[in-house]
Every structure is written in structure tokens, then in C-alpha cells.
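Heads up: the structure comes next, in C-alpha cells.
Since we're looking at a predicted model, the values are computed, not measured. We name chains A, B, ... by the order of the sequence lines, and we start the count at 1 in each one.
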2 protein chains.
Amino acid sequence: MFISKTSEHALRILTYMALNYETQLSARNLFEELQIPKRYLMRLLTDLSKSGFIKATRGRSGGYVFARSLDTIYFSEIIDSVEGLLPFEGCVLGSSVCPVDKPCAMHQIWEKPKQTFLETLKTTTLADLRSGKNIRLQ
Amino acid sequence: MFISKTSEHALRILTYMALNYETQLSARNLFEELQIPKRYLMRLLTDLSKSGFIKATRGRSGGYVFARSLDTIYFSEIIDSVEGLLPFEGCVLGSSVCPVDKPCAMHQIWEKPKQTFLETLKTTTLADLRSGKNIRLQ
DNA sequence: ATTAAATAATACCTGAAAGTATTAATTTAT
DNA sequence: ATAAATTAATACTTTCAGGTATTATTTAAT
């Protein structure tokens, strides 16, 4: 729950790569480290290439490295590219159930933690993991 | 996402019932108000009966009323009975991926909003909806 | 007694996400 | 040139939450 398994995998892949961004990593390397189902992992890597986060080198000594600077890749963008951020931005009970003029019972309960979560996602980059800089919490 | 559709339905059912707790409501009544798929709604009502939140009266003038006082029913208990609270209490990337001694990349990001959310769930009852008392946000 | 209107139990269906399989394309080492 | 090691594309399979269908049971009005 909370985030899809696919987003979960994507985050694990990219955060691991971020902590080792100097080195090109192959699908095999990542599989050994992350234990994400191999074929699924390979597909996700291709997806992440297409999305422009990483770039692939094919052929015998191929593998993946980041296509962009780490400090430009926000956690929000990663989730957004995989499953979209919209579901996180609406109310827990969905926007149709929770119109602005008559908020649902969960609205207040969810509003604050949601904002905190989204804010952090939108202000934290992969570079923040490396720098050891404390991740901003609110 | 975030909470399952089934929890979503359960919350909508119980919060609506809470705002009308004086009156016995049938599945038909609730269907007309909530537009949850009829047969699914009926099954959920049976589940909520078994869980002890509401009690059913069968037969011609049957329907549902609360089985317990509203101020004893916490939002956390509702979600817990439907899908369990555990997934909400662990880390975003799952506890196997995020061991205590080596927290995952998302751990810090999620920790604070998670606590706020859970705290509110655990301290808010259905009675708080009726009383109009401001729901505690942190 | 019969019928209508309600809940209960249980088995089945469906669509989408997660995961697998197969084959093609690319590159480098030999 | 050939083979080995990699990524790419695409189609297939599996699983499960969400939703349906069917039939049984209970109760009250007539």
C-alpha cells in the first residue's frame, strides 16, 4: 500500500545508484544487490532510461549511469514518472467523495501529514542522500 | 492508493452512519446515499457487523445501527479491522527493505507524516465527527 | 400461511498490477 | 568473424483486490 510496488522498486534502484553514482552498474549488479525479480528489474531499468533518469550503455561492457545531475532529481519526480503524484495529492477518500465545499470525514485527518509528506518529496533530491545532509522533515 | 478501496468504503459507511446514528439504516438507504456498488456494500455491511462495529436486524423492517458507543470507535480500529494497520506503521519501502540499523532512503521522509497520521487516527473517534469538535491534527 | 423486504453465506468473475518468457539488437573481447 | 555479455521490445502468465451472482435465512405485514 501507500506507494505501488513499482515505485518502491524504482526508488530502491535509484537510491542505490545514487550512493554509487561514480560507477556504472549493470542489471546483474543491481539484481545481486537489490533482489528485485531479475526480469522485472530489467524492464524497470529500461523504463527509467526512457524517463531520462538514467542512461543505458548496451553491449558487452554495458550498464547504467545517471543521465542527469543528482541534485536535479527530486523524489516527487520519480514517483510521478512511475505512478503519478495525483493520487497522493487528493484526499484519502478520493476527490469525488471529498468535494471542496463538503469535505469528507477523513479530510482533516489526512491534510497535515499529506502536506508534510509531499513537501518533503518535492524538496528532497537524490543528492541529499549522498551529501549526508539532513533531509528536511517539515 | 494509500488506503484500500475497501477501507475507504468502510470509512464512508461508518462516518455516514455516525452522522445519522439515531436512525436505523438499511443497505438500500446506504446505497442511495453513498453509491457504493450495492452487492459489495451489502457484503461490507455484513463484515462490519461481524467486526462488532454495527449490529444487523434481519427481516422485513431490518437494517443496521451501531453496536457500540461512537466515542469508543477510533478511526485506527476501523482501518485495522479491514486491512490492518501494520502496513501504515512500517516504512514506505516495507520493513524488510528498511531494517532498523540501516534505514532505507525514504525512511526519514516518511517518518514524520506517518506519525502525525497514525496519531490522529488513534485519537479520533466517530463521536468527534458528531460533536463538531475540531479534529486534532497533531 | 403467504408474501415482501430485509440480511447472510458462499461461490464466481474481472481488470490491473506484478512478474515471467522469448526473441532481437548492440557492443566488446578474442 | 565469432562469441559473450549486455540492454530492448514485446507478449504472455499470475495473483489478488474489487466487484457480481445466486441462493438461503429471517422477520413483519397482510
query: salt bridge (Lys or Arg N to Asp or Glu O under 4.0 Å) with A:Lys5: which residues, sequence neighbours excluded?
result: A:Glu8
- line: When rounded to the nearest 0.5 Å, the distance separating CH2 of A:Trp110 from CD of A:Gln115 is 10.0 Å
Throw together a table of side-chain donor-acceptor distances under 3.5 angstrom for residues 42-66 of chain B, partners on residues two or more places apart or in other chains.
from: B:Thr46; atom 1: OG1; to: B:Met42; atom 2: O; distance (Å): 3.1
from: B:Ser49; atom 1: OG; to: B:Leu45; atom 2: O; distance (Å): 3.1
from: B:Ser51; atom 1: OG; to: B:Asp47; atom 2: O; distance (Å): 2.9

message: I want to confirm an ordering. Mapping B:Lys5 and A:Ser61 to their closest nucleotides on DNA chain D, which one lands closer to the 5' end?
response: A:Ser61
- line: B:Glu8 CD to D:dG18 C1', in whole Å, measures 12 Å
field: Interatomic distance where CZ belongs to B:Arg60 and C1' belongs to D:dA28 [whole Å]
entry: 6 Å
message: Does anything in residues 35-43 of chain A come within less than 4.0 Å of DNA chain C? Heavy atoms only, and list the residues if so.
response: A:Pro37, A:Arg39, A:Tyr40, A:Arg43
query: From A:Thr15 OG1 over to A:Leu70 CG, what is the distance, rounded to the nearest 0.5 angstrom?
result: 11.0 Å
statement: Taken in chain and number order and not counting sequence neighbours, the residues that satisfy side-chain hydrogen bond (donor to acceptor under 3.5 Å, both in side chains) with B:Thr6 are B:Tyr40
field: Over all atoms of both residues, closest heavy-atom pair of B:Ser4 and B:Glu83
entry: N-OE2, 3.1 Å
field: Which atom of B:Lys122 lies closest to which atom of B:Glu89, heavy atoms considered
entry: NZ-OE2, 3.0 Å
- request: Starting from C1' on D:dG18, measure out to CD1 on B:Ile13 and report it in whole angstrom.
  value: 14 Å
query: Minimum heavy-atom separation for A:Phe88 to A:Ile79, with atom names?
result: CE1-CG2, 3.8 Å
statement: Bounded by its outermost nucleotides with an atom under 4.0 Å from a heavy atom of chain B, the footprint on DNA chain C reads C:dA4 to C:dA11
- line: For B:Leu34 and B:Ile13, the nearest pair of non-hydrogen atoms, with its separation, is CD1-CA, 3.7 Å
task: Rounded to the nearest angstrom, tell me the gap between atom CG in A:Asn29 and atom C1' in D:dT7.
output: 13 Å
Closest non-hydrogen atom pair between A:Ile73 and A:Glu77, with its separation: CA-OE1, 4.3 Å
query: In terms of the nearest nucleotide of DNA chain C, which residue is placed more toward the 5' end: B:Ala27 or A:Thr6?
result: B:Ala27
task: For DNA chain D, determine which residues of residues 47-56 of chain A have any heavy atom closer than 4.0 angstrom to one of its atoms, and list them numerically.
output: A:Lys50, A:Ala56
- prompt: Any Lys/Arg nitrogen of A:Glu119 or B:Lys112 sitting under 4.0 Å from an Asp/Glu carboxylate oxygen of the other?
  reply: no
